[in-house]
2 protein chains.
Amino acid sequence: MAQSDTVDRILDAAEELFAERGFAETSLRMITSKANVNLAAVNYHFGSKKALIHAVFARFLTPFSSTLEAAFDDLEKKCQGNPPTLNQTLWVLTESAIRMPQRNEKGISIFMRLLGLAYTQSQGHLRKFLEQEYGQPFSRFMRLLKEATPELSAVDRYWRIQFMLGATAFTMSSSDALIDILENKLGVQASVQEIAARLVPFLAEGMKAPDKLQVPPSLAGTTVA
Amino acid sequence: MAQSDTVDRILDAAEELFAERGFAETSLRMITSKANVNLAAVNYHFGSKKALIHAVFARFLTPFSSTLEAAFDDLEKKCQGNPPTLNQTLWVLTESAIRMPQRNEKGISIFMRLLGLAYTQSQGHLRKFLEQEYGQPFSRFMRLLKEATPELSAVDRYWRIQFMLGATAFTMSSSDALIDILENKLGVQASVQEIAARLVPFLAEGMKAPDKLQVPPSLAGTTVA
DNA sequence: TCAGCCCTCAAACGTATGTTTCAAACAGAC
DNA sequence: GTCTGTTTGAAACATACGTTTGAGGGCTGA
């Protein structure tokens with residue numbers, strides 16, 4: 001088995017368990033027994049549980065980061081000077097995520113769920129790791145968003161980006177469960193690709209909403225700052 | 001003092017710690033020492049950690065549930081037969097959340113963060129508890145959404161509701177941090193009420209987006225189901 | 001063949017967790 | 001004041017965790 005098939009088995013098991021149970025709720029013993037590997041192997045190969053978490057993220061985030069940067073390069077070249085539109089920017093991100101080489105059919109939903117967890121579960125060390133390791137493509141995405149929505153005030157854009165992040169992270173991180181529920185309720189099958197195709201127009205429209213706060217009469221007298 | 005001020009002190013401490021650290025990452029010892037209460041008090045008054053979690057949710061969800069039902073009653077009465085609009089429905093929900101009596105200034109963000117955690121952290125027992133305890137107002141909200149968007153297919157509506165939930169839960173659950181970041185970056189102050197006022201139009205516009213999936217040429221050949 | 005290194009294994013370590021125990025303190029009723 | 005049921009206190013319980021240890025196995029290069 002070449003050099004240490006153990007490492008990959010651990011990463012596979014950890015990725016799946018982390019995605020479905022979170023980090024704190026997943027013990028090393030669960031991981032090692034799912035991977036059919038000795039308990040000590042994790043600390044031998046990775047050093048600690050924290051380092052294992054980082055390695056799980058790095059395994060898919062590093063190639064994704066490259067793919068995304070390349071896609072942004074293409075996009076900006078194609079637009080030759082003009083800033084890419086909001087839809088183009090969102091699609092490039094979505095497409096890069098979908099096109100990633102996947103280990104199995106659940107690849108993307110695990111990918112998304114892990115990202116959601118990274119945002120959600122406080123895990124200070126993880127946020128620091130992700131920030132200083134993959135902060136660059138993130139900043140670039142932000143810049144593209146800014147150039148694609150020049151009509152928005154900085155404050156409006158700030159909040160709406162948060163709304164987009166939320167809708168995406170939340171939905172994608174539970175995509176498996178949501179797809180199952182949809183099938184049970186309406187008998188309709190869906191895929192992560194289809195969710196993405198529905199999500200992008202939703203986000204783009206929300207982003208372009210009129211910026212006036214239409215406070216209804218019933219709230220007019222209250223403490224809206 | 002009255003009868004067991006201990007119970008409330010435990011609930012206060014647990015609520016805050018759960019909100020900022022999650023359930024598994026918060027130990028009973030953290031809770032009892034923050035509450036200045038003996039460790040055994042939790043098991044004495046609540047029976048178990050799971051029951052404590054349920055109690056924390058029940059304390060704010062039960063009055064909120066009543067408030068919301070009353071607000072829906074009012075709304076439907078005012079509309080006399082005609083289904084309430086999407087904006088009305090969303091505003092009634094938002095208003096009910098904002099108007100809830102709050103124990104402190106962080107009331108709403110804790111409220112939202114806990115709801116987000118309930119969705120995110122798998123914690124099977126919690127989902128079951130919430131479903132069978134507060135399923136009714138939730139179903140009613142869903143029905144109102146359905147009547148307010150008759151032009152949407154059931155599948156479109158399903159996914160867009162998830163998107164709305166995500167944007168709301170995600171943003172509101174981190175509202176404190178996001179407000180701080182905004183102030184540091186742009187020197188602008190914000191409030192939870194203002195976030196809500198910005199969120200509702202975003203959601204409403206996204207909800208009304210054209211339902212065609214505008215798959216771009218670059219993705220046309222791939223496996224969009 | 002044998003030394004050297006990488007890896008695996010079972011077992012144990014120390015710590016932290018949720019829970020239980022039982023004696024002491026307290027309250028209100030008679 | 002005494003008695004009864006409720007609440008608190010300090011300590012211990014069993015269990016699970018992440019991590020470390022040291023002996024052993026298997027491969028490689030000389």
Side-chain angles (χ1 to χ4, degrees), chain A residues 1-59 114 117-118 121-126 128-129, chain B residues 1-59 114 117-118 121-126 128-129:
Chain A
M1 306 303 165
Q3 47 105 31
S4 204
D5 148 78
T6 300
V7 168
D8 287 316
R9 294 232 303 285
I10 291 177
L11 285 174
D12 287 340
E15 180 178 272
E16 203 159 330
L17 286 172
F18 284 154
E20 70 187 30
R21 308 181 39 99
F23 305 112
E25 295 86 346
T26 302
S27 71
L28 293 185
R29 284 167 175 83
M30 293 179 197
I31 295 172
T32 52
S33 66
K34 176 175 185 125
N36 274 321
V37 150
N38 187 271
L39 170 60
V42 169
N43 284 280
Y44 175 78
H45 287 288
F46 298 94
S48 70
K49 186 179 180 181
K50 288 184 182 180
L52 206 213
I53 297 177
H54 294 180
V56 166
F57 276 85
R59 184 168 62 151
L114 286 176
L117 286 180
Q121 317 223 158
S122 29
Q123 298 280 18
H125 67 97
L126 221 195
K128 257 173 225 162
F129 171 77
Chain B
M1 321 308 165
Q3 49 103 32
S4 203
D5 146 81
T6 301
V7 168
D8 287 316
R9 293 231 302 285
I10 292 176
L11 285 174
D12 287 339
E15 180 178 271
E16 203 159 330
L17 286 171
F18 284 154
E20 69 188 30
R21 308 181 38 99
F23 304 114
E25 294 87 345
T26 302
S27 72
L28 293 186
R29 283 167 176 81
M30 292 178 198
I31 295 172
T32 53
S33 66
K34 178 178 184 120
N36 274 320
V37 151
N38 187 273
L39 170 61
V42 169
N43 284 279
Y44 175 77
H45 286 288
F46 298 95
S48 69
K49 186 180 180 181
K50 288 184 182 181
L52 206 213
I53 296 177
H54 294 180
V56 166
F57 276 86
R59 184 166 64 151
L114 286 175
L117 287 179
Q121 317 221 158
S122 32
Q123 296 281 18
H125 66 97
L126 221 194
K128 259 174 223 161
F129 171 76

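By convention in this document, chain letters (A, B, ...) are assigned in the order of the sequence lines, proteins followed by strands, and residues within each chain are numbered from 1. As the structure is a prediction and not an experimental result, all values here were calculated from the model.
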According to a strict under-4.0 Å criterion, is H45(A) in side-chain N/O contact with OP1 or OP2 of dT8(C)?
yes

Closest heavy-atom pair, T26(B) versus L17(B), reported as atoms and distance to 0.1 Å, is OG1-O, 3.4 Å

Parallel, tilted or perpendicular, as decided by the 30° and 60° cut-offs, for the rings of H54(B) and F129(B)
parallel

* So, is T6(B) close to the dT7(D) phosphate, meaning a side-chain N or O under 4.0 Å from OP1 or OP2? -> no

**Report entry** Donor-acceptor under 3.5 Å (K34(B) side chain, I10(B) main chain)
**Finding:** no

Intra- and inter-strand pairing of DNA chain D, written as dot-bracket with Watson-Crick and G-U pairs under 3.5 Å and | for the latter, reads |||||||||||||||||||||||.|||.||

Here the pair of heavy atoms bringing K49(A) nearest to S27(A) is NZ-CA, 4.5 Å

Any heavy-atom pair between the side chains of L126(A) and F23(A) that's under 4.5 Å? yes

| field | Main-chain N/O of N36(A) paired with R9(A) side-chain donor or acceptor, under 3.5 Å | value | yes

When every non-hydrogen atom of F46(B) is compared with those of V7(B), the smallest separation belongs to CZ-CG1, 3.8 Å

Between V56(A) and A14(A) the two heavy atoms that sit nearest each other are CG2-CB, 4.0 Å

Rounded to whole Å, CG of D5(A) lies from C1' of dT8(C) at a distance of 13 Å

Heavy-atom contacts, protein to nucleotides 10-19 of chain D, under 4.0 Å, summarised as B (base), S (sugar-phosphate only) or - (none) per nt, yield B-B----BBB

When rounded to whole Å, the OH to P distance for the pair Y44(B) and dC26(C) reads 16 Å

